[in-house]
Amino acid sequence: MSVTRRGFLRGAAALAAGLVLPLSARGLAQPRFTASPFTLGVASGYPHASGMTLWTRLVDPGLPGAPVEVHWELAEDEAFRTIAARGTATASSALAHSVHVDVTGLAPARPYWYRFRAGEALSPVGRTRTAPGREDAPPRMRFAVAACQQYEQGYFTAFRHMAREDLDLVVHLGDYVYESSWGRNHVRAHGAEEPYTLDDYRGRYALYKNDADLQAAHAAFPWLVTWDDHEVDNDYANDRSQDLDPREIFLARRAAAYQAYYEHMPLPAWARPRGADLRLYGSASYGGLAAFFVLDTRQYRSHQACARPNRGGGNVVREEDCAARRDPALTMLGSAQESWLNESVRRSGARWNVVAQQTLMAQADRREGPGADYWTDGWDGYPRARERLLASLANPGVSNPLVVSGDVHMAAVTDLRRDFDDPRSPVVATEFVCPSIASQGPTLKRVELILQENPHIKFANGARRGYTTIELTANRCVSRMRTIASEKEPDSPIRTLSTYSVESGRPGAQRG
Ligand code: FE
Ligand code: CA
């Protein structure tokens, strides 16, 4: 047994006994903890063939203002007998004592276990996994897609079930926290007002991340993450808030929210916030089998067209009353991200190309009968930008494009067509919209109307909470909508609500 291993065990025993041991001074502050500072759990993210990012955050009233030394180690086995990498990171109050470690030098396509130590306190153990190498052709990969977890509206039971699945990766598409309290039949409370300051947002993340089910899903798999609006403010677009706050004031709020997001996510160093900006879009690849393109549709988008008077945010508009919606200058991604995506998918070479982004991409007419109403906060508010994105995916050099989406609190399967109004228009990609983890969904009547008006939407269910799993092999993609019986009960069982598949080379989903 190594010295470090004994030290870890001593620390664990001391904590269990409630003792505070004398601590060695080593330059940086050596804090004394009366309880574990690792109550927000551990996480890993952005796996690649030789590493990933490890995350934790220390929380304790006794944390000093000075930076704290945090030791980390990553092993080939759960008992930490064979250490593959170890090191020391610095947790500073400037980043809420969060720790982000970009580990490199690991072997491809294998599991690893990791943990942290601060003073004599030991973190829980997390399991993670490297991606296959660029030249590898893994026989299969499985990932889960999740979004929308309004804490007050439901328990995170779905995450407990997700942690027990056999997955390589979790992709989270945003609304990880909610800034506002809303909805029916709350099972628990935020216990705080809407956040505006950095401290407010840190408190909101700490509340959500205290949830044991959410922690279990983080500790079980590496995650790719992106945000939607509620990590900052409902329906915000770039520098415009729903309430039309003065721009500088809203950007200061956005900077606080973005920083808190970074502090609580397993994001690599390249995502460190810079003022009011945070580069969140990025890609990850799984050998020749799959590539993921994670988008940010909030930070760079144009303001929503045809907003209500004296309001920002989205609006339901009649097609004939909102020509501005079709302005080609409107963008969802901003020009830099749009070029990056075009270039990245073109060069991918992967069998399956998964675009991971926030909201329903398929057109969704909401008016019964002739004519159409559209919701302008989603892709329906930016139809030219959607055409550009689909044109880029329709490039014959892009093999098997898939789009995974969240936001609408409704599991759905759609055929993404070049022209949604023409049923003979070719299907470019298949879209899987995940159910929400906890946020309440649309009424049955609304879901039925959407299905009736939009034949390219093949399946929709807004009644159940859960997540979607997707299994990729060379020839097939199988998507399962996994839903819990009730988010209002803490121990609800999970089942597969519906299964859809896509054959390689034949875009469009088939039932079963
Ligand atoms: Fe949501
Ligand atoms: Ca209609």
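Below, all heavy atoms of this structure are taken into account, side chains as well, without hydrogens, waters or symmetry copies. For ligands, and for the atoms within them, numbers begin at 1 and follow the listed sequence.
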Worksheet item: Does Cys148 put an N, O or S atom under 2.8 Å from the Fe ion (ligand 1)?
Response: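 Yes, since at least one N, O or S atom of Cys148 sits under 2.8 Å from the Fe ion (ligand 1).
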Discussion item. Suppose we only count N/O/S atoms under 2.8 Å; would Tyr178 qualify as near the Fe ion (ligand 1)?
Written reply: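 Checking the Fe ion (ligand 1) against Tyr178, an N, O or S atom does fall under 2.8 Å.
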Worksheet item: What does the angle at the Ca ion (ligand 2) come to, between atom OD2 of Asp365 and atom O of Arg367, rounded to 10°?
Response: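 The angle at the Ca ion (ligand 2) comes to 100°, rounded to the nearest 10°.
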Item to complete: Nearest 10° is fine: what angle sits at the Ca ion (ligand 2) between O from Gly369 and O from Gly371?
Response: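 Output for this angle: 90°, rounded to tens.
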Discussion item. Distance alone, cut at 3.5 Å: any donor-acceptor contact between the side chains of His303 and Asp239?
Written reply: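 Looking only at side-chain atoms, Asp239 and His303 do form a donor-acceptor pair, the distance falling under 3.5 Å.
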Worksheet item: Do we see a donor-acceptor contact under 3.5 Å between the side chains of Trp182 and Gln440?
Response: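 No, no side-chain donor-acceptor pair sits under 3.5 Å.
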Worksheet item: Relative to the Fe ion (ligand 1), which of the N, O or S atoms in Asp175 is the closest?
Response: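 Looking only at N, O and S atoms of Asp175, the one nearest the Fe ion (ligand 1) is named OD2.
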Practice prompt. Would you name the N/O/S atom of Glu453 that lies closest to the Ca ion (ligand 2)?
Written response: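 Of the nitrogen, oxygen and sulfur atoms in Glu453, the Ca ion (ligand 2) lies nearest to OE1.
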Worksheet item: Salt-bridged, Arg254 to Glu231, with N to O below 4.0 Å?
Response: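 Result for this pair is no, no salt bridge flagged.
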Item to complete: Check step by step if side chain to side chain donor-acceptor pair (under 3.5 Å) holds for Ser399 and Arg351.
Response: CA-CA 5 Å; Ser399 167; Arg351 172 72 71 136; 5.2 Å; no
Worksheet item: If you measure from OH on Tyr382 to OG on Ser302, what distance do you get to the nearest 0.5 Å?
Response: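 Nearest 0.5 Å value for the OH-OG distance: 6.0 Å.
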